[in-house]
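For the numbers below, each heavy atom of this structure counts, side chains included, while hydrogens, waters and symmetry mates do not. Protein chains get the first letters and strands the later ones, always in sequence-line order, with residue 1 at the start of each. Quick caveat: nothing in here was measured; it's all calculated off a predicted structure.
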Amino acid sequence: MATYSKLVRIVDRQALIDAVSDLSSSKVVGVDTETTGLDPLVDRIRLIQLAGDRLDRVFVVDLFELGDACIDPLNKFFTGPQVKVFHNAKFDLKFLRRAGLRVSPPVFDTMIASQLVTAGLQVGGHGLNDLVRQYLGKNLDKSSQMSDWSRELSDEQLEYAARDAAVLPRLRAALAPLLVRNGLVDTAKLEFDCLNAVVDMELNGMRLDVERWQALTRQLKAEMQRAAAELQTMLRGASVDEVSLFGPEYQTVNLDSTQQVLDALRSLGIPVQGTSRAHLTSLASDYPVVAALLEYRDIAKKVQAFAESLPTFVHQVTGRIHPTYHQLGASTGRFSCSDPNLQQIPRGVEFRSCFVPDPGCKMVIADYSQIELRVAAEISKDARMIAAYRQGQDLHRLTASLVTGKDIGEVTKDERQAAKAVNFGLIYAMGAAGLRAYARDTYGVEMTMDQAETFRHRFFSAYKGLGEWHRSVAASRQMWTRTIGGRLRSWRNDPKLTGLLNTPVQGTAADIVKKALALLAEALDGTDVRIIGSVHDEVLLEAPASKAEYAAELLKTTMEKAGAHYLKLVPIVAEARIADSWAEK
DNA sequence: GGCTGTGGTACTCG
DNA sequence: TCACGAGTACCACAGCC
């Protein structure tokens with residue numbers, strides 16, 4: 001598949017300067033890299049391929065030949081006005097950054113563009129080869145992809161490298177009209193603009209106080225063993241004689257097997273439907289063995305999923321944890337995170353206090369205040385919610401006063417807590433039964449079925465706009481939704497009402513966080529304040545102690561500015577703090 | 001008997 | 001029995017050599 005006529009291998013500085021000059025005639029330049037491995041913290045870039053859309057040549061820059069002589073000319077190009085087209089830009093940007101090269105917008109990522117236009121519908125892959133096949137009707141030979149790029153390069157390798165870059169401007173030309181047609185230009189720009197922040201978060205990672213973590217792990221494991229032994233004895237209650245006859249090894253239950261645990265509970269005469277927490281909580285007060293099981297589960301989860309696994313992710317070179325952020329990992333537009341998933345580290349102080357800044361540094365942490373409720377107020381245009389937020393009122397307290405009939409000043413702590421469950425549950429059209437269960441399990445709030453029904457009724461009498469929004473979405477029978485920023489999600493089969501309501505709210509919150517990250521990456525470029533993580537409504541920075549105040553102020557104002565970019569009726573508030581670990585409030 | 005992949009369950013987060 | 005969105009660990013099972 002010939003997509004270019006000439007491959008120009010660049011091995012000296014002057015040739016590179018000439019090449020960059022030639023490329024200035026192109027508005028769009030495909031960029032790809034070949035690296036000696038997959039880890040930007042260990043491996044190195046061998047080649048950078050540049051393919052201008054107005055040239056029939058592809059420049060293949062050999063970094064092993066050029067060394068640091070490439071930095072200035074390439075930085076001139078990468079900060080220039082041309083659209084730099086990548087496929088899976090995050091991968092290349094991380095390696096480029098490590099080589100001292102920073103790419104400024106405009107950037108176009110064909111993988112992200114493809115994910116956006118399919119809007120959450122599964123359509124096969126978004127690999128480069130998938131896109132070339134789909135949009136250009138050709139097949140790419142990827143056989144050189146995993147070849148050894150650290151030695152003398154064969155013609156075949158060079159051709160492969162050039163071809164991957166050459167195809168990118170053409171892919172962009174195919175994808176850009178689809179973004180336009182689907183109203184996704186702003187969303188695409190948002191995603192492209194926050195690439196540098198994602199690169200920051202992955203390259204910087206977070207520091208784990210390993211000794212502290214290991215001490216925690218030892219303690220949790222001891223607790224787990226105690227809990228397991230106790231539970232094991234209680235589960236064998238019906239067959240104590242057998243145990244005394246055949247020894248303690250007899251009839252042990254695999255505590256991690258729901259099947260065996262269920263059988264054991266039933267053989268004790270306990271009427272269990274399933275072994276999930278929802279089934280068990282109501283039985284815990286009557287059956288000590290059930291309480292023991294819940295306690296064991298609690299500790300076992302912490303040991304197995306977190307305590308033992310996290311240290312395996314500490315990087316050999318940096319000593320930090322570098323997770324992978326999946327920019328479009330969730331179909332609402334949120335990030336997902338893996339290897340490890342730092343977005344689900346338990347909230348408890350004992351865990352989060354192990355995440356610490358480097359010596360001499362502070363963590364600067366900010367989160368949005370009730371962002372989803374605020375977005376729901378904006379989308380539904382509910383007059384009462386909007387007024388409350390404009391006046392800086394506490395919405396949970398307001399809801400408590402509306403459903404109890406009390407004055408705002410007389411609302412108790414417990415009532416406010418109950419109202420939290422009411423707010424979060426009911427904005428997405430939860431039923432009374434669901435509300436009751438949700439309030440109990442999530443907030444420890446007990447309410448009768450009648451109370452739940454009454455709360456629900458009063459809630460929608462108070463927030464009429466919210467109810468109207470629910471009715472209009474239910475009546476629309478739409479197969480798609482959009483966030484305020486225009487992000488699209490489509491369904492193949494009839495979506496549930498709750499999904500139709502939740503997606504634009506969660507997605508708009510994601511738009512806001514991404515906008516904040518994009519602004520931050522730009523504002524912090526060239527400083528020693530680092531973006532180290534993001535958890536849905538929270539952004540974490542690490543800064544030298546002397547700059548922590550500045551960073552906190554910048555973080556708060558930037559996050560609020562991002563909110564104001566999307567929300568016009570409701571103010572968005574972010575709260576920042578300076579801390580010596582992730583745990584401090 | 002041991003390996004791999006898959007689906008289900010349970011639990012963590014916002 | 002739980003509003004939405006995720007990832008991971010574990011078990012159970014099917015299919016394979």
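Residue contacts for A:Asp367: at a heavy-atom cut-off of 4.0 Å it reaches no nucleic acid atom on any strand shown. Within the 4.0 angstrom heavy-atom criterion, only backbone atoms of the sugar-phosphate kind lie near A:Ala330; the bases stay farther away. Across all strands, A:Gln260 comes closer than 4.0 Å only to sugar-phosphate atoms, never to a base (heavy-atom distances). Among the atoms of the strands shown, none is found under 4.0 Å from any heavy atom of A:Phe335. Among the heavy atoms of the strands lying under 4.0 Å from A:Ser331 are primed sugar atoms or P, OP1, OP2 only; no base atom is included.
The side chain of A:Ser336 places no N or O atom within less than 4.0 Å of a non-bridging phosphate oxygen (OP1 or OP2) of C:dG5. Using a 4.0 Å cut-off, some side-chain N or O of A:Lys496 falls inside it from OP1 or OP2 of C:dC4. Neither OP1 nor OP2 of C:dA6 sits under 4.0 Å from any side-chain N or O of A:Arg334. Between A:Thr275 and B:dA10, a side-chain N or O to OP1/OP2 separation shorter than 4.0 Å is present. In this model, the phosphate group of B:dA10 is not approached by any side-chain N or O of A:Arg297 to a distance below 4.0 Å at OP1 or OP2. Using a 4.0 Å cut-off, no side-chain N or O of A:Arg352 falls inside it from OP1 or OP2 of B:dC13. Contact annotation: A:Asn254 side-chain N/O to C:dC11 OP1/OP2 distance is under 4.0 Å. Phosphate contact (OP1/OP2 of C:dC2, side-chain N/O of A:Arg277, threshold under 4.0 Å): absent.
Put simply, the side chain of A:Gln259 and the base of C:dC11 share no donor and acceptor less than 3.5 Å apart.
Regarding A:Leu293, its CG atom lies at a distance of 17 Å from the P atom of B:dT9, rounded to whole Å. Rounded to an integer number of Å, the gap from OH of A:Tyr325 to P of B:dC13 is 16 Å. Atoms CD1 (A:Ile379) and P (C:dA3) sit 20 Å apart, rounded to a whole Å. Per the geometry, CG belonging to A:Leu255 stands 15 Å off P belonging to B:dA10, to the nearest Å. A straight line from CZ of A:Arg456 to P of C:dC2 spans 16 Å, rounded to a whole angstrom. Atom C1' of nucleotide C:dG7 and atom CD1 of A:Ile345 are separated by 11 Å, given to the nearest angstrom. A:Asp256 has its CG atom 8 Å from the C1' atom of C:dC11, to the nearest Å. The CZ-P distance, from A:Phe306 to C:dA9, rounds to 9 Å in whole Å.
A donor and an acceptor atom, one from each side chain of A:Arg374 and A:Ser369, are located under 3.5 Å apart. In this model, no donor atom of one side chain and acceptor atom of the other lie less than 3.5 Å apart for A:Glu378 and A:Tyr566. A:Thr454 and A:His457 form no side-chain donor-acceptor contact under 3.5 Å, judged by distance and modelled atom types alone.
Residue A:Glu372 is the one, among A:Glu372 and A:Ser309, whose nearest nucleotide of DNA chain C lies closer to the 5' end (criterion: closest heavy atom). In this structure, A:Gln273 and A:Gly329 both approach DNA chain C, and ranking their closest nucleotides by distance from the 5' end singles out A:Gln273.
At least one donor-acceptor pair closer than 3.5 Å links the side chain of A:Asp109 to the backbone N or O of A:Asn88. The backbone N or O of A:Arg530 sits nowhere less than 3.5 Å from a side-chain atom of A:Glu542 that would complete a donor-acceptor pair. For A:Lys464 (side chain) and A:Ser461 (main-chain N/O), a donor-acceptor pair under 3.5 Å exists by modelled atom type. Looking only at distances, a side-chain donor or acceptor of A:Asp382 sits under 3.5 Å from a matching main-chain atom of A:Gly465. Checked by atom type and distance alone, the side chain of A:Thr508 never pairs as donor or acceptor with a backbone atom of A:Val505 at under 3.5 Å.
Taking the P atom of each, B:dT9 and C:dT1 are spaced 13 Å apart, rounded to whole Å.
Looking at the side chain of A:Thr258, the nearest of the listed nucleotides C:dT8, B:dT9, C:dA9 is B:dT9. Comparing atom distances between the A:Arg347 side chain and each of B:dC13, C:dG5, C:dC11 picks out B:dC13 as nearest. Checking B:dC13, C:dT1, C:dC11 against every side-chain atom of A:His279, the shortest atom distance belongs to C:dT1.
Ring-centre distance between A:His536 and A:Tyr368: not below the 6.0 Å cut-off.
Within a heavy-atom distance below 4.0 Å of DNA chain C, the residues of residues 418-432 of chain A found are A:Tyr428, A:Met430.
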